[in-house]
There are 2 protein chains.
Amino acid sequence: MGTAGAEGSGRRRPGRPTRPPLTEDAIARAALQLIDESGWAACTMSRLAHRLGVRAPSLYHHVSGQQEIVDLVRSLVVSEIHDPTLVGRPWPEAMYDFGVAYYRAFTNHPNVIQVLSTTPVRDAPTLQMYETFLQTLHAGGWEGARAFEALLGIEHLALGFAFEWNAEDLMLESAHAAGLGAPLLAEVTRGRTNQSDIAEASYLSLLRRYIEMFRVELSAE
Amino acid sequence: MGTAGAEGSGRRRPGRPTRPPLTEDAIARAALQLIDESGWAACTMSRLAHRLGVRAPSLYHHVSGQQEIVDLVRSLVVSEIHDPTLVGRPWPEAMYDFGVAYYRAFTNHPNVIQVLSTTPVRDAPTLQMYETFLQTLHAGGWEGARAFEALLGIEHLALGFAFEWNAEDLMLESAHAAGLGAPLLAEVTRGRTNQSDIAEASYLSLLRRYIEMFRVELSAE
DNA sequence: ACCTGAACACCGTTCAAGT
DNA sequence: ACCTGAACACCGTTCAAGT
């Protein structure tokens, strides 16, 4: 897998271990990894720097600040979604595949949802992904504003259910603590083990209906 | 009305103006107001205290910390949604009304979405609202886990579109900045004025289809 | 060119002290 | 009982030094 150990230096050097060079990309990957492991709140500049074998101020030689780190992380996640070959395929098919890829990327990285879903999009790769999606729908005869609306709808659905996919511990204790006051809620949350499967099934089903809804509307015009 | 000063203080008292007493409820309302005006990031303990005519540490005599303030704000917003008369009404109707009320509450307070959607539910009023919803579906013949899933789905949809309802400025500049690289995106974001209406129409339409989907599934069993 | 310690203005929270 | 200043451990960010 990673290039970390392989890169032409199998032999151990004397002296302190050389740390991998600090680059924008290395920072982005470390940030995503840190968020994946410990959540967004744990991704502070100093902790991120420490993980890279460096002090916090050093990061500012490679990125402009925390905001840019968010942009870089978004680009990284989007790279797992973006598929330029979408253009030219039938739009319902393309829309479904996009929706699934989007959902999968965020179930792979559930902890980034908190940051990315509440932060403006500013990075080129994400804007490019949007453009590709709009091109696909444009080729399918969609009007611009409507296509954009469909895009945002899919994003919200995917993010919501991907969040839920992982949200197991969000309200379980409180529901139990609520005890007598909310017996149905307490019972339901007690036995919830594989909500991941349910969330995924719900999402995929809803996505199909969402697409179907647009197909009907489009053909009615 | 009545005599010169109802509540005994129509007359101006000498000395510094008496500030309203500091209570849990006053703190909660001030916090919601502050978030509505300036966003969650602006709702720091010291700014909140300042608005209440007091210093930050004073707040800790009435609330346990920022986490409890979030709980109180959630309870406040939920009080605009919760309708105990839901139980006993036909579930599709009740579900639709719940979905609309939920959406409206968060378009009324778009800035709280960022906090509330990424924070565990711990307050009794919200748990009670969930319980009422589950009771309604239970009376309609729903199985517990499925009902919970439907509830979460509606929440995600409503939150997503309510966020979008207000997200006007989220990616507009960047889309323009993207310029030549993303012409379709740039064009679409240029003319978007009343996205509120579009978002609401999309949401309501999707909500209806969501309910219809469950009705079909339920009657097929 | 790039890393660093020290500094700055801010957080949330605690606590002994005042009244 | 309730408000306060001072303090603590943390933020993100800047910058003059160092090499």
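Remember, predicted model here, so these are calculated numbers, not experimental data. Letters go in sequence order (proteins before strands), and every chain restarts at 1.
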Ring geometry between F98(A) and Y102(A) (parallel below 30°, tilted from 30 to 60°, perpendicular above 60°)
tilted

Which nucleotide wins on minimum distance to the side chain of [X], given the candidates [options]?
| X | options | result |
| --- | --- | --- |
| R47(A) | dC3(D), dC11(D), dT13(C) | dC11(D) |
| H62(B) | dT13(C), dC3(D), dG12(D) | dC3(D) |
| P57(A) | dG12(D), dT4(D), dT14(D) | dT14(D) |
| Y60(B) | dT4(D), dT13(C), dT4(C) | dT13(C) |

Protein-nucleotide distance ([X], atom [atom1]; [N], atom [atom2]), rounded to Å:
| X | N | atom1 | atom2 | value |
| --- | --- | --- | --- | --- |
| E68(B) | dT13(C) | CD | P | 11 Å |
| W40(A) | dG12(D) | CH2 | C1' | 11 Å |
| L48(B) | dT13(C) | CG | P | 12 Å |
| L59(B) | dG12(C) | CG | P | 10 Å |
| H61(A) | dT14(D) | NE2 | C1' | 11 Å |
| L52(A) | dC3(C) | CG | P | 10 Å |
| M45(A) | dC3(C) | CE | C1' | 14 Å |
| R55(A) | dT13(D) | CZ | C1' | 17 Å |

Is there a Watson-Crick or G-U wobble partner for dA6(C) with both distances under 3.5 Å, and which nucleotide is it?
dT14(D)

Could you verify whether a donor N or O on one side chain and an acceptor N or O on the other, from E164(B) and H156(A), lie under 3.5 Å apart?
yes

Given Y103(A) and L207(A), is the side-chain contact (heavy atoms from CB on, under 4.5 Å) satisfied, shown in steps?
CA-CA 10 Å; Y103(A) 175 79; L207(A) 177 60; over 6 Å; no

OP1 or OP2 of dC2(D) less than 4.0 angstrom from a side-chain nitrogen or oxygen of S58(B), does that happen here?
no

Distance below 4.0 Å between S46(B) side-chain N/O and dC10(C) OP1 or OP2:
no

CD of E37(A): more than 12 outside heavy atoms within 6.0 angstrom?
yes

For T44(A), which contact category applies under a 4.0 Å heavy-atom criterion: base, sugar-phosphate, or nothing?
sugar-phosphate

Criterion side-chain contact (heavy atoms from CB on, under 4.5 Å) on L48(B) and I69(B), from CA distance to verdict:
CA-CA 10 Å; L48(B) 180 55; I69(B) 293 182; 3.7 Å; yes

